[in-house]
Amino acid sequence: MAGEQLKVVDASKTFYTEWGKVEVLRSVSLTAARGEFLSVVGVSGCGKTTLLRIIAGLEQPSGGEVFCNGVRVSGPGSDRAVVFQEPRLFPWLNVEQNIAFGLKQRNEAARRVVEQALELVGLSAFRQAYPHELSGGMAQRVAMARALAFEPEALLMDEPFSALDAQTRTHMQSELQEIWRRTGKTILLVTHSIAEALLLSQRICIMTSAPGRFREVVEVDLPYPRDPDAPEFIRLKKYILTQLTA
Ligand SMILES: Nc1ncnc2c1ncn2[C@@H]1O[C@H](COP(=O)(O)OP(=O)(O)O)[C@@H](O)[C@H]1O
Ligand SMILES: [Mg+2]
């Protein structure tokens, strides 16, 4: 088990709706090593959010198992923090209070954790601001800080930058890379953007749809920070695209 942070074994998920049953995931398995940056790419609707929710413990799989640090996941836990597509902040709390909200303690140690999280996402100067005063990118940085304040072992991110404009998105991607470098957290990112996965991750799981399955895991053996114009980057991008749509 040494070095394994997240492990999904043969996860499947079928939803039963009034229109019938929908098989969303079929026998999906993955392992993320401690400190690894792993991405899952797939087209919209292929089951990425469902998979992430199962790993987060927010959804029960119909079959299979999830482990975090060797312990079977049966529900949400502070060892796995989630960053969703939208920031989900409380509008009546300021930045600092939003980050501290879920923390059990309100002591000096908790204050330091919040301080550190603010610093990591570069929002120390905006601690007193309220969500309506923040840009989309800043709000998403607060969501990242809130996740980091739980001091999780793994950060689970569900298309965290999809709602942002292209420039902000690029900026946030490099910030996330820096946060990963500084904290050494295990990061699982699900995204429909092949370029985003290639910029950030060490390995990429390619997911196909209806039902969602893993086609292949690609190693990205390129130095950081990555150059999207590098021939190998472009080659991998084309390759993953053909695998996604094949
Ligand atoms: N609670 C649910 N009940 C029924 N179907 C669902 C539910 N959640 C997701 N689905 C279906 O599962 C499929 C995959 O959804 P999702 O995991 O959100 O995909 P992605 O995040 O890759 O876009 C979609 O067809 C969606 O309609
Ligand atoms: Mg989704």
Side-chain angles (χ1 to χ4, degrees), residues 6-32 37-66 68 73-76 80-89 136-137 139-140 143-144 146-147 152 154-166 168-169 172-173 176 186-201 203-218 237 239-246:
L6 293 172
K7 194 173 170 73
V8 177
V9 186
D10 278 338
S12 62
K13 183 71 185 180
T14 299
F15 287 109
Y16 293 87
T17 71
E18 50 186 300
W19 305 280
K21 63 176 191 175
V22 193
E23 187 186 14
V24 176
L25 298 176
R26 184 185 292 176
S27 196
V28 171
S29 298
L30 69 82
T31 304
F37 200 125
L38 182 71
S39 289
V40 174
V41 291
V43 297
S44 281
C46 77
K48 299 182 298 296
T49 295
T50 305
L51 174 64
L52 191 115
R53 287 174 55 81
I54 287 172
I55 298 171
L58 297 167
E59 191 90 66
Q60 291 300 313
S62 310
E65 291 180 306
V66 177
C68 182
V73 166
S74 57
R80 289 151 288 131
V82 187
V83 178
F84 299 98
Q85 189 169 343
E86 37 348 301
R88 301 192 182 184
L89 306 179
Q140 201 54 320
M144 290 205 287
R146 182 180 49 192
L155 207 51
L156 312 176
M157 311 186 85
D158 188 3
E159 313 226 24
F161 310 136
S162 294
L164 306 175
D165 62 85
T168 308
R169 185 172 185 152
M172 295 289 287
Q173 287 163 343
L176 176 58
T186 308
I187 300 184
L188 178 68
L189 171 76
V190 310
T191 179
H192 65 261
S193 164
I194 301 171
E196 182 165 279
L198 277 171
L199 271 176
L200 295 169
S201 31
R203 288 189 305 141
I204 300 175
C205 303
I206 303 173
M207 197 167 168
T208 55
S209 48
R213 274 189 273 194
F214 280 177
R215 177 181 288 272
E216 192 185 337
V217 182
V218 174
K237 200 165 136 181
Y239 175 72
I240 294 171
L241 184 63
T242 60
Q243 292 301 300
L244 273 189
T245 50

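As a basis for the values below, the full set of heavy atoms in this structure was taken, side chains included, without hydrogen atoms, waters or symmetry mates. Each ligand, and each atom within it, is numbered from 1 in the order the structure gives. Quantities reported herein were computed from a predicted structural model and do not represent experimental measurements. Heads up: numbering here begins at 1 and tracks the sequence.
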**OP:** Could you find the nearest protein heavy atom to atom 17 (O) of ligand 1 and give me its residue, atom name and distance?
**Re:** Thr50 OG1, 2.6 Å
**OP:** With rounding to the nearest 0.5 Å, note down the distance linking CZ in Phe84 to CG in Leu52.
**Re:** 7.5 Å
Original post:
Which residue from Leu25, Val24, Val22 reaches closest to atom 12 (O) of ligand 1 through any of its heavy atoms?
Top reply: Val24
Original post:
So which of Tyr16, Phe15, Trp19 gets nearest to atom 2 (C) of ligand 1, if we judge by its closest heavy atom?
Top reply: Phe15
**OP:** For the residue pair Leu25 and Met207, establish whether any side-chain heavy-atom pair is separated by less than 4.5 Å.
**Re:** yes
Original post:
Do the side chain of Ser193 and the main chain of Glu196 share a donor and acceptor less than 3.5 angstrom apart?
Top reply: yes
**OP:** With heavy atoms of Ser44 as the reference, note each atom of ligand 1 found under 4.0 Å away.
**Re:** 23 (O)
Original post:
Closest approach of Leu244 and Gly42, non-hydrogen atoms and distance?
Top reply: CD2-CA, 3.7 Å
Subject >> Contacts of the Mg ion (ligand 2) with protein N/O/S atoms, counting only those under 2.8 Å >> reply: Thr49 OG1
Original post:
Quick check: does any side chain N or O of Arg80 sit under 3.5 Å from a backbone N or O of Ala56, one acting as donor and the other as acceptor?
Top reply: yes
**OP:** Starting from atom 25 (O) of ligand 1, find the nearest protein heavy-atom neighbour and note its residue, name and distance.
**Re:** Gly45 O, 4.2 Å
Subject >> Atom of Ala197, atom of Thr191 and distance for their closest heavy-atom approach >> reply: CB-CG2, 4.1 Å
Subject >> Lys21 side chain to Thr14 backbone, donor-acceptor under 3.5 Å >> reply: no
Original post:
Would a 4.0 Å cut-off, counted as strictly less than, catch a protein heavy atom around atom 27 (O) of ligand 1?
Top reply: no
**OP:** Check each heavy atom of Thr17 against ligand 1 and say whether those closer than 4.0 Å belong to the side chain, the backbone, both or neither.
**Re:** side chain
**OP:** Locate the shortest heavy-atom distance separating Pro152 from Ala147; write the atom from each residue and the value.
**Re:** CD-O, 3.3 Å
